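As the structure is a computational prediction, the values presented were derived from the model and not from experiment. Note: hydrogens, waters and symmetry copies are ignored here, and every other heavy atom, side chains too, is used.
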Amino acid sequence: MASTSASILVFAFTAVKALLEVFLIGFSGYVFARNGTLNKSTLKSLSVMSVSLLTPALLFSKMTETLDPTLLVELWNEPVFYFIYGGFSLLWSRIGSRVFKLDGEYARLCDVATFFANTNTLPVSLIKSIALSSGSSFLLKDAADTPLKVAARGVSYAMIFATLNNILRWSFGVALMGGMGDTTKSTFNSVNPTPRVATPSDSPTSAFQADGSPGSPTDVHGELTTLLDESAMSSRQSTLASVWSKTCNIATAVRACLTAPVYAIIVAFAVILIEPMHEALMNPDTIWYTVWSAIDMCGDACVPLILISLGGQLGLMEREKASHSKATGRSEYLRGLASGYASNTSSCAELNNLQTISPSQATSNGAVVPSIILRMPTSTETLEEQMQHRSSEQLTVHVQDEQSQQISSIEQKRGILLVLTGRFVFVPTMAIILISVLRIFFPQLLPIMVTDPVYILTLLILSATPPAINLITVAQATGKFETEAAQMLFYGYVLGIFVLAIEVAGFLWLTSTLSTL
């Protein structure tokens with residue numbers, strides 16, 4: 001009993017250390033965003049650099065370094081786990097939305113937030129920190145294993161989840177949200193040529209000449225044959241156009257999924273499966289090893305960069321929220337001045353100084369805030385004219401809203417509770433049950449769980465992460481609930497620091513226990 005308590009304390013200390021490293025790096029990005037060093041453009045540049053270079057480099061280097069053909073075959077189950085976790089997430093979100101009686105559109109946001117978890121930033125950094133700590137010796141698969149190899153394998157396992165997440169986010173994720181916003185639907189059958197419609201003069205029953213005299217049977221037969229030929233040709237053209245359109249749509253969808261990380265995985269698989277290529281790349285005496293070493297060095301920069309970007313995104317959301325509140329407060333002040341103008345003419349001087357607040361002036365750092373347009377009387381207007389203008393055009397308020405749906409504060413809190421409970425409680429609980437049953441009763445089905453403890457730990461950590469930070473991007477793309485998505489993310493990551501510290505300690509203990517069976 002004392003030994004068990006001591007081991008739990010060791011695991012808790014290891015978890016806290018790993019999360020503290022993540023927090024410190026992410027907090028630096030938060031500070032840079034709050035003081036204006038990081039803004040939307042710089043964060044977008046960092047994101048493009050991460051997706052186009054650093055993440056593919058991390059995937060390629062870690063996979064080619066740690067995986068072999070046998071291990072690749074054993075990884076068939078990881079996509080299965082991804083969709084099982086997704087099924088648990090949607091089950092929780094759909095049932096919870098009905099229990100809490102959430103708005104239908106807002107419930108879709110909860111579906112996306114629960115389904116798409118953070119599968120790269122937090123898991124990768126946590127696994128690397130845990131693998132390199134002193135209390136993680138139980139993660140070694142054999143005597144020849146090293147903490148660096150453990151970390152590389154864990155990163156490879158996590159990044160496969162992350163790749164699936166990225167592929168589905170802009171297809172299934174957007175579909176869950178109800179589709180892209182501000183898109184113009186094409187007209188029905190617009191890609192197909194319009195079949196030729198026979199006019200009365202084309203009809204075989206109208207066998208008359210242009211002068212009204214009856215036509216000969218030969219003419220009627222010729223017209224009928226021509227009409228049938230044209231109809232068949234039009235039908236074939238319509239079918240070919242329909243097939244071509246569907247083929248183009250499929251090609252577009254596949255091309256959208258083939259991002260740089262996906263290409264990196266494909267190339268890594270090829271290198272692993274082709275033994276001469278793999279030996280040439282990993283042999284320190286070859287020039288190809290220099291190329292691989294440069295790729296590996298870029299991959300090492302990926303984790304701190306995406307953590308800084310994560311902190312920067314949260315800091316930017318808080319900065320825009322503060323700017324929004326400040327601008328809204330000034331708008332309320334202007335409303336008060338305008339409403340008092342009719343009864344207190346002494347306000348005229350101050351209103352003349354304020355004059356007009358345009359929507360562009362009322363927008364700060366990209367945040368859309370209410371704007372007020374005040375019509376001021378000119379100096380040449382008489383008192384009677386001024387009173388007439390005050391009664392008819394005293395105040396025009398133009399409010400720009402980011403969405404048409406208005407969610408009450410109570411409903412919004414219920415949605416946040418639903419998402420965070422699903423991400424931090426329900427899905428991890430189901431994952432613990434599933435993995436424990438498979439490891440204890442069906443070890444022959446998943447030999448990788450028996451031979452590599454870090455695989456179990458990676459699956460457990462992936463089940464308990466907060467919503468993906470790209471939730472805000474999906475909300476912006478669909479034009480729905482951007483503010484609500486930002487608040488979900490803020491509470492998810494603030495609470496996640498404390499919740500994950502407890503859960504990761506439990507995951508370490510469970511992994512250690514299962515690895516001794």
Side-chain angles (χ1 to χ4, degrees), residues 14-63 65-66 117-133 136 147-163 165-166 260-261 264 292-318 454 457-458 461-462 465-466 468-470 472-473 489 492-494 496-497 500-501 504:
T14 302
V16 170
K17 280 178 56 181
L19 280 166
L20 184 60
E21 291 179 9
V22 173
F23 172 77
L24 290 176
I25 299 174
F27 185 72
S28 63
Y30 179 87
V31 172
F32 284 134
R34 290 305 302 267
N35 64 22
T37 303
L38 290 177
N39 51 38
K40 280 188 175 181
S41 60
T42 54
L43 284 173
K44 183 178 180 180
S45 300
L46 290 178
S47 177
V48 171
M49 189 188 309
S50 174
V51 172
S52 303
L53 174 64
L54 302 184
T55 297
L58 180 68
L59 275 167
F60 180 81
S61 62
K62 300 310 178 188
M63 291 180 68
E65 181 184 14
T66 61
N118 187 318
T119 53
N120 54 3
T121 311
L122 286 180
V124 169
S125 54
L126 279 175
I127 291 166
K128 289 190 69 174
S129 299
I130 291 171
L132 299 177
S133 64
S136 61
L148 285 175
K149 291 181 179 179
V150 170
R153 289 198 307 275
V155 169
S156 298
Y157 301 151
M159 292 306 292
I160 292 176
F161 253 65
T163 303
N165 231 28
N166 289 332
W292 180 89
S293 182
I295 295 173
D296 185 52
M297 193 175 298
C298 289
D300 290 338
C302 179
V303 174
L305 183 69
I306 58 181
L307 284 176
I308 290 174
S309 299
L310 172 61
Q313 290 281 0
L314 296 175
L316 187 62
M317 285 190 294
E318 283 299 292
V454 75
L457 179 63
T458 302
I461 291 177
L462 286 168
T465 53
I469 198 70
N470 299 92
I472 190 70
T473 310
L489 291 174
Y493 283 88
V494 170
I497 294 294
L500 279 174
V504 171

Taking the side chain as everything from C-beta on, heavy atoms only, tell me whether V22 gets closer than 4.5 Å to L122.
yes
So, do L500 and I461 sit near enough that their side-chain heavy atoms are less than 4.5 Å apart?
no
Please check if atom CZ in F32 has more than 12 non-hydrogen atoms from other residues, nucleotides or ligands closer than 6.0 Å.
no
For the residue pair D296 and D300, establish whether any side-chain heavy-atom pair is separated by less than 4.5 Å.
yes
Do T42 and N39 meet the criterion of a side-chain donor-acceptor pair at a distance under 3.5 Å?
yes
Taking the side chain as every heavy atom from C-beta outward, state whether T465 and L126 have any atom pair closer than 4.5 Å.
no
Using a 3.5 Å distance criterion without hydrogens, assess whether the side chain of S133 forms a donor-acceptor pair with backbone atoms of I130.
yes
If you define the side chain from C-beta out and look only at heavy atoms, does anything of L46 sit under 4.5 Å from L38?
yes
Spell out, as yes or no, whether a donor-acceptor pair under 3.5 Å connects the side chain of T458 to the backbone of V454.
yes
Mark yes or no for whether S125, through its side chain, and T121, through its backbone, hold a donor-acceptor pair below 3.5 Å.
yes
Close side-chain approach of N118 and Y493, heavy atoms under 4.5 Å:
yes
Keeping the roles fixed (side chain from S50, backbone from T55), state whether a donor-acceptor pair exists under 3.5 Å.
no
